[in-house]
Structure formats: structure tokens, C-alpha cells
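Contents: one structure, followed by commentary.
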Amino acid sequence: MSDVYIIGVDMIQFGRFPERNVANIGAEAALLALDDAGLSIQDMQALYCGNLGQANAMVGQRILQEIGQTGVPVVNCANACATGATAFREAWMSIKADVNDLVLAVGVEQMGKGLLGGGGGGKGIPKEGLLGSATMPAVFAEAGMEHARKYGTTFEQFAKVSVKNHHHSTMNPKAMYQIETPLDTVMNAEMISYPNTKLMCSVNVDGSAAAVLASEKKTKELGLMDRAVRVRASVLTSDPWQERDLVMPDVNTCTRNAAKQAYEMAGVGPEDIDLVELHDCFATAEILHYENLGLCKDGEAGRMIDEGATALGGKVPVNCSGGLLSKGHPLGATGIANIFEVSTHLRGNAGARQVDGAKIGLTHVIGLGSACAIHILEKAA
Amino acid sequence: MSDVYIIGVDMIQFGRFPERNVANIGAEAALLALDDAGLSIQDMQALYCGNLGQANAMVGQRILQEIGQTGVPVVNCANACATGATAFREAWMSIKADVNDLVLAVGVEQMGKGLLGGGGGGKGIPKEGLLGSATMPAVFAEAGMEHARKYGTTFEQFAKVSVKNHHHSTMNPKAMYQIETPLDTVMNAEMISYPNTKLMCSVNVDGSAAAVLASEKKTKELGLMDRAVRVRASVLTSDPWQERDLVMPDVNTCTRNAAKQAYEMAGVGPEDIDLVELHDCFATAEILHYENLGLCKDGEAGRMIDEGATALGGKVPVNCSGGLLSKGHPLGATGIANIFEVSTHLRGNAGARQVDGAKIGLTHVIGLGSACAIHILEKAA
Amino acid sequence: MAKETKTGKPLPAVPFLKLPEDGEPYLEGHKCKACGAVYLGERSVCAKCSARDQIEPTRLSDKGKLYAYSIVHRSFPGIEVPYVSAIVDLDGGGTVKGNLINVAADPAEIPFDMPVEVVYKDALGRKDKDGNSYVSYFFQPAG
Amino acid sequence: MAKETKTGKPLPAVPFLKLPEDGEPYLEGHKCKACGAVYLGERSVCAKCSARDQIEPTRLSDKGKLYAYSIVHRSFPGIEVPYVSAIVDLDGGGTVKGNLINVAADPAEIPFDMPVEVVYKDALGRKDKDGNSYVSYFFQPAG
Ligand SMILES: [Zn+2]
Ligand SMILES: [Zn+2]
């Protein structure tokens, strides 16, 4: 079966746009991606839209109402933090199925404020702070502490992830924040849930990102192979049963399963990956995923961050965009935004943060509940 | 490319289950469909879930948590009243793409009570009853009156749709209501929005339906071809721009576009269709769709209902299940429930309401905003 | 909105209803110069032809014809019924939905293509949470 | 709930906390006879092995070991911080999450695998909208 290519991809600068609506924010990225491909919405045969906050509000169709109501099939997907990547993958699937040649995938989110998770509802009395914490910073803190119990990972090592990603963001004009945060600043920031301080939590922002996908035939026909990015693997998993599931969301197993399948599908290994955008929703999470994605052996993630192997210029730069910690994390947009980041490097357009000679990159998102998506992308020409 | 088959399909009896949760209701249909195929959730390679009310709440994954947390990819889709059909179609797509062999599609909904639409929110003052009505009965009444203006369709003709569908439901043990409603009962029921009386509005119910889809190779391998139903066409459309769009949702054009594409994909015409499950969300809507689906020429829908051509025993029986008007309309489940109905006839298992010798059937749903899905199904062996 | 509250002047029920300081109320459309599509409300890209930055405001006519309608007998709590929910094609372009008033709530009395005119009045006494009054538009048989 | 309200007895904070009339409180698991998986709460199908109707209630141990935790310094308004959110593996099976009490909120004082015991007390004074009191479970270092 022939390959699928990304021929246009872009994102808006993440920020806060309370006066706009979600379709309008999504439409902006859609137009940017179409412009990047030199195509019009009138050329698209389908739209796959990822949005979480208004998942039942026909956001995809409303994006078409903003930019061109062409009558094509629209699918709205929701999959926690893997929402955008799921929409992208379904778009990819529709080309693999030979149903479409040219498809637009959009991820968009307009976020509320404050802590995610733990809201409760339900009957009886509120459980937050009574039966532990269900807030996201605490949940990912506990996941980090599981790593600490196994391998002695330290607060300082977790904090270094934020230092690195914030540093990367200073080279990314599309990041929400572009501010250096030295180690002592990160470690002395307000403690939210030990070991995650405020600067080790991803940023709630509004945002959108979009990609134009094309079949091999159409990519050639349009003469766009020189700027195309080949989708070498597209994998989605949920979490298989684990004994602590009910009280401790497992972000590891579904990531490991997805990584294994993705490397197999792409016919490459972790050693072939030139850069990674992974789901650093909290600093603790990034450490786990070094091992989950096979970037190092189990137990070596702490050393990896200590040695700068995942910083720009290191062995395998991770989250050159600034990551969710600094670029921001608009849930439904995140999956496509990291596809934008990796594609931009593969095309050699990443400016100051360019990973030299990047040929193959990997994107990873994971949403609790659970959905993990991994894409392996390669420069086409 | 080889065909895709439905090898298991079922639904729960629609009703009201306020004490259950949406995942639990969906799980019940999933198990029924798996049992129908003689397979286990452990055999499934992916789950596509359609749910509207909790579209961002990982309903698909929660269904797996109820019946078997296998780690397979789960995609949650939302597309108004085409939600279930969209999930089914994405499942179909994943087999067409040769990514999967065996996939489960589940549609489920736990509804609130009362009128849909027109809720408002927004700034300033409520608009309902000030700038006309945005309630669904009124919107579909207006769509019916557009037909009346063109062809002189009468209140009585619209009412006859309900008489027919309620009659059909008396033969369907899975319908929410199974009650005969003579013409005078329908016409004298409380007027909701002229010309739709209370008995001409679909029933808000909870419900779920599920289907197991398989590749041709897998269907043969499992020896299930004798009970399989071939998916001859799977089409999704949104509404192309129309001049009255902003104030009058157009359910016709997207249905006509979808029907044209579906007949083309299946290589059949309306004259080949033995039965139809179409989106009778209101009695007025069914009349429009006779013409939209090409079951008769434009302007002949009124005569068609008068002559009983769409009643069981007529030329092309429509909504043998009782339709949304009597079986009930759990939004996310509806699309797969009508695939169940048509499949059941194709397999010759529809009991008292069986359409004799049914070989090819068509299912249709349309959600405002808009998404229209059509599937053409055929007995495999 | 705080500013308007202070003036005490009624506000428009929808943004496309304009209440000029020195003139009669009117409905405003937005028209695509490229393809002629008419919208209610501002926008930058045309949903019909996808042209960008071609949309201009245009004053819609106060005359039109009844295209379709429903007589609403059940609505949300507190809303007076029956009323006629009407879709009107305005002369010269633009389709608008609103209440059709000064007719009997009887289909026999409401012929399709009936000429109607747009009238502007208080929004049925509805006020927002700040106590502001609103002006809305209505249709009535053309006199 | 109305009945319990009348008796004035405290209610369990979660359904898997049992408060027998004539005995000590305990945590109840549900165990799959087919594969041994342990759940908190009733269910008919096993999420691990998909066996149907093989799940039976089982009394969980009041002893266990600290698996992982976080010290929570920021929570929702009105919730007292810091507190220790702890994940505990109970002896004999079952993993439960709850507050770890009677320890300093300092990572140096909270070793992994620390033996803990489950204790039952009033749910930090929280009441539902009907004024009912609740009993909850907590972990503390095993004495
Ligand atoms: Zn235009
Ligand atoms: Zn089991």
C-alpha cells in the first residue's frame, strides 16, 4: 500500500483568546495549513477535527462554515490529550483506505482556567483531598514517584526537564511562553504536587494546529514531494488492564505498546530517531517517556536528562518546541501541533531551534482514560 | 479492494435507564453484538465508539473497562444524530485501510428529558419565541412546510408517517413503544409545532447498539459468510452552502449528495433497495427523505405515503423497526441501531416485521450542523 | 455592555439588528463581493466561495416574502404560545428567521409567499441580567 | 439515601467502604474467580480476562505497603493543604488510593514500601447537602 504524506502543516501561536469561539480558532490554523500546501479548502475531500471541550458541538462543520462549506465528510473525534493525534490518524486512515486523496485534519481547543481533574461531581461528598488527589499535577506526580521508587530519580532530575523545555521555547515564536527558567527558579517555584512545581506543569492555553494529508499519487501530481513529510507509522493504543489501574492511571504500558508497534510499522528503531516531541504534560511525565519510547534503557532516564542527551544539540533532542510545559497544551490541538514541530524540523525550517540534519522524528501524546498516539515522520525527498 | 462485512450486530431494547451510566449501557450492546458473532472482546483489534452526550468522556475506553481492557485503539466520534453511523464508518474505514481485520463499533446514548435545541445560552436575552423557534420540532416543521409549499403536502400526509411507523413498532420487541396509533389519534395529539404533533416527534430514550465488522478474509476464515452482511456503500457528507442555511437547516442537500454517492459506490439504484431505515426524527422529515433518497420522484412523497408504498408489504418498506418515532432515538446509538434493523431483515430474522426476500437495504441518518451518513447493505451469501 | 447600561437606551436583540442614533432601525447583512452570498453577522472568509476579506456590510430590505413557517404550540417554560416561527426571504437578498405577528395562528390564514414587512419593537419585555431592555425585529403582513 | 438520613448514622464515603451493623469497618474488593483481578466496586464482567459473572466480593486487608505518593500543596478552594495522596498495595491484593496521615509532609519522611494500616474516621467533617456525616478511610504508618 502506498504512503501518506503531510503536504501542509501549521499552528497558530498558542495563547488565550476568550473573546473568540472554538471554530474560529480552528479555522485560523486550517487556513495556515492550506496556505502552507498552496491549496484551498475547496480542494479537501474530508475534514477530521479534534476538539475536546466542545466535542459534541460539531466543531469540524463549524470550521467549514468559517472557511468554506463544501459538503465534504466531517468527523469529530475526541480522545483526551490524544484528540488531535486521533483526528490526524483517522485522516491518514481514510487515505490508506483509498477513500480520500486530500484530507484536512484540525486540532483545536479553547481551555478553561485552573486545575484539571478531580472536579468530582458524583454523589455524596467531594472526594478531593479526602481520598488523595485526582488533580492532574498529583496524578502525574505519583507516576513520577513510581519511577523514583524504582530508579531513585530525584526532584532535581524532574526539574531539569522544565529547564530544558523552557530553554527550547525561547527559540520558538509560536510558544505561549518564551522565557528561560534556571534550575533554581524551577525548583523554587510554588510546589503544586511534589515533585511537580508550578513551572513543571503544562500551560493551559487556547490553540489550534492543522495538517493537510495527501496520498502518494496526489502528492506527486501536485509536485509537492520536495516539501512533503512521509507518515512512516501511525499508531493508537488504549491501556491494557493493570493491577493498579483503578487508582493510578498507567501512562507507561500504552506508550510502550504504541512505541513497539510504531517502530515495527516504520521499520526503524529508537536509534534512528533524530528528534522527539513527547507528552510532557508534567515534567515528571517526560522522564518516564524516555524509557517508554526506548530512547534509553529502563532506569537511565535520569542520567539522560543529567547529561543533556535530550536537549537541543544532544543525542536525541526532545521537545524542541518548548513542549507542553512552555509552548502550552491546548488539549485537542496538541497532537497536531507536535506533528507540526517535527515536520518543521524535517523540512529544515525550524530556525534557531533546528535539529541539524533531522531525517526522522517521532511524536507522542497520551491522554488519560486512556489513549496514546505515536507517529513516526520522515522527510520525503 | 476487498469488501467489509458485518458479522455480528445487535441492540438493547431502547428505554430509560437513569440509574446506569453510559459506558455500562454501551457495554451491554457490545456484548450482544460479540455474542451474535460468536466472538469475544479479546478478538477485537479496535473499538470505534459513537456517543454525543458525553463525547469528551472517553466512553469507548470505559466500555472496554466494563468488558475487557485489551489495549486496542479506541476512537470516540461525535457527529450529532450521525454519531453512531460515523463510528461505524470509521470502523469500516480502518478495515478498508487494511489496518484492522476485526473491529467493534458501538453507538450509545443516555438522553436528558424534554425539548432538544433552542436552549440558547449566549449573551443578552433568550431568543426562543422571540426570533422564531430553534426547537427541533419547529425546525423540522419548517422543513416540512417547505415541502408543503412546493408540493402541497398536507398535515394528514405527514401524520400518516407516524401511523405507519407506530404500526411497524408493534412487531418490534426492541422498540421503546409498541402501540398502534390510528390517524385521528396522531392528528389529535397535542400539537407541538404545526404540523408536528406530539406523536409525530421522535422519542427521547436511552439506548445502545453495536456491530462487529470484519474483512472479507477474516469473515471467510471464521466461517461466518453465511450470516454476514456486506457493506456495499458507506458515505458521509456535510451540508454544502445554501442561501437559507443560517436560519433554516437544510436536511435535503446533504442527504441527496450522500444518496448519490452511496448508489454510485454500491453500483445499485433506488429501485434495487428492498427496505430503508431512514431518519424520521419527526414525521415531516420522513416525507422529505423519500425524495432525497430517490425512493420516488420529487413531489411524489405525499402520494407514496397515501398509497402505503413505504409500509410493510409495500413497494419499499421504510422504518420497519418503528423508526425513531416509536422505537426511540438515542442519538449516538441510532445510526448503528438502524444498521442492526436492516441487517436483521437481510438475514431473515426480523420475525413478524420481516420484509420478504430482502436482499439489499439502506440506512440513513442526518444530524443538524450537519452530518448525513448512508450505508447500503447486502446479504452476503 | 456597562456603558450602554448607563445610557439606559435599549440594546439590539441580535448584532445584525442596527439601531442608528439618527435614523430608523434596520437589519444588516454581510455580502461577499466575490459570489454575492449574504450573511447575518461579520466574517472574514466566505462560506460559499472561500474568498478572503471580500465581505462587506449591506443594509437589508424591510420587505420580503414568507418562505416557510411553523406554528409553535409548545416551547420552553415561560414562553407565550402559540406563536408563528417564520422564515422570510427579504427582497434583494438575505433570509431571516423571526416571529410573524398580527396573523391568526392558523395555517389557513398564513399563505406561503405572503408579502411581509419587518417591524422593530421592544423584545417582548425581555431584559438581561443587568436590567437592560432590548429591541427586536418582527414580521407582519405587509400593510 | 432518605432512610439513612433518618437514622442519623454516618454513611460510607465510597461504596467499597463497608460499615457493618455489628463489626468493624472494612474495605471490600471484588475479585474475579477466573483470573484473580481485584476491583473496587461491583461489576459483572472482568476487565482483565472478560469472564462474565465470575466476580465475588472479598474483604480486603487493613494492612499494606506504600507504593507511591505525592505531597499535594495546591488543591481546590477550601481543601486543606498540604496532604499526602498515597497509593497503597494492600496485603493479599487490591490497590487503594487515599490520604496518608500522621506523617510529616516531607519526602524524606515518607519512604517507599513503608508499612501502613487502614484506619476509619469521620470524613474530615464533610457533609452532603442533606447534612449527613460520612466515614472515610485513611492510611497511617503501621504502629
Ligand atoms: Zn463568496
Ligand atoms: Zn478475570
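To find a chain, count down the sequence lines: A is the first, B the second, and so on, and within it residues start at 1. As the structure is a prediction and not an experimental result, all values here were calculated from the model.
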Contacting moiety of [X], where chain A heavy atoms sit under 4.5 Å:
| X | value |
| --- | --- |
| D:Asp89 | side chain |
| D:Ile110 | neither |
| D:Lys129 | neither |
| D:Tyr39 | both |

Practice item. From the options D:Ile79, D:Val84, D:Val72, select the one residue that forms a side-chain contact (heavy atoms from CB on, under 4.5 Å) with A:Ser133. Key: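 That would be D:Val72; it is the only one of D:Ile79, D:Val84, D:Val72 passing the side-chain contact (heavy atoms from CB on, under 4.5 Å) with A:Ser133.
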
What are the two closest heavy atoms between [X] and [Y], and how far apart are they?
| X | Y | value |
| --- | --- | --- |
| A:Ile125 | D:Ala123 | CD1-CB, 3.7 Å |
| A:Val139 | D:Lys97 | CG2-NZ, 4.1 Å |
| D:Ala37 | A:Trp241 | CB-CZ2, 3.5 Å |
| A:Glu128 | D:Tyr83 | OE2-OH, 3.0 Å |
| D:Thr95 | A:Val247 | CG2-CG2, 3.5 Å |

Review point. When only pairs under 4.5 Å are counted, which of D:Lys127, D:Arg126, D:Glu80 shares the most heavy-atom pairs with chain A?
Key: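 Looking at each of D:Lys127, D:Arg126, D:Glu80 in turn, D:Arg126 comes out on top.
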
Exercise for review: For chain A, find which of D:Leu124, D:Val38, D:Ile71, D:Val81 contributes the most heavy-atom pairs closer than 4.5 angstrom.
Suggested key: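 Ranked by contacts with chain A, first place is D:Ile71.
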
From [atom1] ([X]) to [atom2] ([Y]), nearest 0.5 Å:
| X | Y | atom1 | atom2 | result |
| --- | --- | --- | --- | --- |
| D:His73 | A:Asn196 | NE2 | CG | 11.0 Å |
| D:Ser85 | A:Leu130 | OG | CG | 11.0 Å |
| D:Phe112 | A:Lys150 | CZ | NZ | 11.5 Å |

Do [X] and [Y] make a side-chain contact, defined as non-hydrogen atoms from C-beta onward lying under 4.5 Å apart?
| X | Y | result |
| --- | --- | --- |
| D:Ser70 | A:Met145 | no |
| D:Arg74 | A:Ser193 | no |
| A:Leu131 | D:Asn99 | no |

Check your understanding: Given that the side chain runs from C-beta out, which part of A:Glu190 has a heavy atom under 4.5 Å from chain D: side chain, backbone, both or neither?
Key ->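 For A:Glu190, side-chain heavy atoms alone lie under 4.5 Å from chain D.
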
Review point. Relative to chain D, which segment of A:Ala148 carries a heavy atom at a distance below 4.5 Å: side chain, backbone, both, or neither?
Key: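 Both backbone and side chain.
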
Check your understanding: Got more than 12 heavy atoms from elsewhere within 6.0 Å of NZ, D:Lys18?
Key ->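 Buried by this count: over 12 neighbours within 6.0 Å.
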
Check your understanding: In this structure, are over 12 heavy atoms from other groups packed under 6.0 Å from D:Glu42 atom CD?
Key ->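 Not buried by this count: 12 neighbours or fewer within 6.0 Å.
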
Point to revise | Partner of D:Tyr67 under side-chain hydrogen bond (donor to acceptor under 3.5 Å, both in side chains), chosen from A:Arg149, A:Glu142, A:Glu146 | key: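 When side-chain hydrogen bond (donor to acceptor under 3.5 Å, both in side chains) is applied between D:Tyr67 and each of A:Arg149, A:Glu142, A:Glu146, only A:Glu146 qualifies.
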
